[in-house]
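Have a look at the structure below before the remarks.
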Amino acid sequence: MKRYLFIIWAMMAAIVATGGETPVRVGIAWQPTAASYERVILSIEQAGGEAVILPQLRPAGFDYEGMVLCPKYTDEMGVLRQQYADVVKRVTYHGTDADNLLAGVQAVVFLGGGDISSTLFAVPQPWHGIADDSPANATRDVSEYLTMAYCLDHDIPVLGLCRGMQMLGVVSGAPLIQDLGDFFDEMGKNYRFLHRMQRDSEGKRYYTPHDVTVTDHNSLLYAITGTDTIRDVPSWHHQVVGDVTGTPLKVTGVTMTEGVEIIEAIERTDKHFALGVQFHPEEAVKKHIKNEADAGRFMSLEESVKYFTALIANAREGKHFIPCRAYTRSDTTVYNKTIDECYNFFAVLGRAEQGSLEGATAELSLLLNLFERRHPDAGDVSIQEVAKWATECGWFAHAARRWEKIADPEYVAVARNVLGGNRVLPSNIVEHDCMEDLAYIETNGVKYSPYERDKYVSGVTVVYQAPVHEHNGRKFGFRRPTHWIFYSFPAAKSDPFGWLCDEGCGHENVTSEDDIIR
């Protein structure tokens, strides 16, 4: 199934070799001071991308003095006044020049920094009142809110770092805990400054390391890190996303502090790549590259750069998805449709993959084989249940985003026939593309044979598709050079190119030319 999935990716988002690959342009959200850009620029370049400082976004009709909002827009503490915050939330980037200002940018990183104006929360809150931690800049708040809203609406991959994660939460409707110290005091617990060191005798603060627990294997965070515990993340914050209930976010990382879960990572489940982490991998990148004295206290260069590598890989591939993540839209959820609409859904999937009636028949036969293998005790299920499963598994989840397309009547007939029980592939065939389709794989810059299964690293390995060639008298490969990033399925007894490849099934049992559908 995975082999089949990745070839679909390559067909949909092929990168044609043109004598040198153009670096992905990664935007860095605008802020008033340039000093904080350095470590993110280093991280993007370390991951092979091209860093681009984005211009400031301004709401339509707002007045500025140079680069700064006019004084009438903020109160005495620099917080954006509620009446203007309401406009920003309602209108966002509409009426601005956002399309031109972000043109050519393939992904965006949102940086750490000061507090976000609490008037921008979905449910506004009064300012926390701690003079030592006042909002840094309402002008920045407005620009970042508009930029984040634009990226989410246009499904541009985003990575939010610390404050950037908080902005992802705020734009998505989540509340913030405005001060962790106060939060713990209210519960009668000792905060212990786990997330940000106290000031020293000179009034300076420093990053502090702590671990983060990954709570969801079906997540971007796990696909990037491949671990249940992220060790020694650089941390420096006093605010945090408080809750994601009722939002399109899900929590994928936490830290336990005095028995209290503090959210450390969030993701938008309705976007291809919208990840926020409360810590600072970019700081670890800088510390290691510059050989700073305390670099050894924090996560390694290899671990910290993965977040930027994954962001760039996603942007390079185009709008693809991480395996086994469900992408559904509330207005077009497939399994809420009628039986006839579901048949059309499967007909569209079959045609999109194969482009021939014979191929569509085999494709849908394979889908039913996979469904039965995944749900051996399902019994007599409805077509709506199979459709729901298809929207949550493999490349079908991606194709389901555009399923409203009307299929030709012949393909609908194929869908009715196959889903009625007349499949053309034996039930033990659960994958149908071969490693002979691959030229080689590359992990951390080292080339390996596709058959070296222990060299596949989720989110790191680049899989190179072979050109058309013959192997044992049979043709394999693509007509044009392509490659894509490998992400493994979190399934027992699975390999990089088989969905549930138990003994007695899979490629090894596919011996007939007719069983290999290209």
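If you read the sequence from its start, that first residue is 1, and numbering goes on from there.
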Exercise for the section: Tell me, yes or no, whether the heavy-atom count around I53 atom CD1, taken from other residues, nucleotides or ligands under 6.0 Å, exceeds 12. Expected result: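 Atom CD1 in I53 is crowded, with more than 12 foreign heavy atoms closer than 6.0 Å.
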
Does the pair [X]/[Y] count as a salt bridge with the N-to-O cut at 4.0 Å?
| X | Y | answer |
| --- | --- | --- |
| E283 | K287 | yes |
| D155 | K271 | no |
| E38 | K290 | yes |
| E292 | K286 | yes |

Practice task
Output yes when a side-chain donor or acceptor of R163 lies under 3.5 Å from a complementary backbone atom of L111, and no otherwise.
Solution key: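 Checked: no pair found.
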
Can [X] and [Y] be counted as having a side-chain donor-acceptor contact under 3.5 angstrom?
| X | Y | answer |
| --- | --- | --- |
| Y222 | D228 | no |
| Q46 | S43 | no |
| S172 | R268 | yes |
| D141 | S117 | yes |
| Q31 | R140 | yes |
| E264 | T255 | yes |

Minimum heavy-atom separation for [X] to [Y], with atom names?
| X | Y | answer |
| --- | --- | --- |
| P157 | N314 | CG-OD1, 3.4 Å |
| T215 | G253 | OG1-N, 3.7 Å |
| I28 | A51 | CD1-CB, 4.2 Å |
| T247 | V244 | OG1-O, 2.7 Å |
| I312 | G48 | CD1-C, 4.3 Å |

Residue list, ring-ring contact (aromatic ring centres under 6.0 Å, His included) with [X], at least two apart or on another chain:
| X | answer |
| --- | --- |
| Y73 | F62, Y84 |
| Y343 | none |
| Y307 | F279 |

Close side-chain approach of [X] and [Y], heavy atoms under 4.5 Å:
| X | Y | value |
| --- | --- | --- |
| I266 | K250 | no |
| V158 | M148 | yes |
| P175 | V241 | no |

Practice task
Could you walk me through whether D216 and T252 pass side-chain hydrogen bond (donor to acceptor under 3.5 Å, both in side chains), step by step?
Solution key: CA-CA 5 Å; D216 190 341; T252 57; over 6 Å; no

Problem - CA sep, side-chain torsions, deciding dist, call: R81, T119, side chain to side chain contact (heavy atoms under 4.5 Å, CB included) - result: CA-CA 7 Å; R81 292 187 184 277; T119 51; over 6 Å; no

Exercise for the section: Can you sort out the partners of D86 under salt bridge (Lys or Arg N to Asp or Glu O under 4.0 Å), two or more places apart, ordered by chain and number? Expected result: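 Here the qualifying residues are K89.
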
Exercise for the section: Can you sort out the partners of D340 under salt bridge (Lys or Arg N to Asp or Glu O under 4.0 Å), two or more places apart, ordered by chain and number? Expected result: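 Counting only residues at least two positions away or on another chain, D340 forms a salt bridge (Lys or Arg N to Asp or Glu O under 4.0 Å) with R416.
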
Exercise for the section: Establish, yes or no, whether a centroid distance under 6.0 Å links the rings of H154 and Y93. Expected result: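 Here the rings of Y93 and H154 have centres that are less than 6.0 Å from each other.
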
Problem - side chain to side chain contact (heavy atoms under 4.5 Å, CB included) partner of L54, chosen from T147, L101, V109 - result: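 Running side chain to side chain contact (heavy atoms under 4.5 Å, CB included) over T147, L101, V109 with L54 returns exactly one hit, T147.
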
Practice task
Tell me, with the steps shown, if V214 and T229 meet side chain to side chain contact (heavy atoms under 4.5 Å, CB included).
Solution key: CA-CA 6 Å; V214 180; T229 304; over 6 Å; no

Handout entry: Pairs satisfying salt bridge (Lys or Arg N to Asp or Glu O under 4.0 Å), at least one member in residues 57-75, at least two apart
Key =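 Counting only pairs at least two positions apart or across chains, the salt bridge (Lys or Arg N to Asp or Glu O under 4.0 Å) contacts touching residues 57-75 are D63-K72.
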
Practice task
Evaluate the side chain to side chain contact (heavy atoms under 4.5 Å, CB included) criterion for residues Y150 and T92: first the C-alpha distance (whole Å), next the side-chain angles of each, then the deciding distance (0.1 Å), finally the verdict.
Solution key: CA-CA 8 Å; Y150 183 90; T92 67; over 6 Å; no

Problem - Criterion side chain to side chain contact (heavy atoms under 4.5 Å, CB included) on V26 and V52, from CA distance to verdict - result: CA-CA 6 Å; V26 181; V52 179; over 6 Å; no

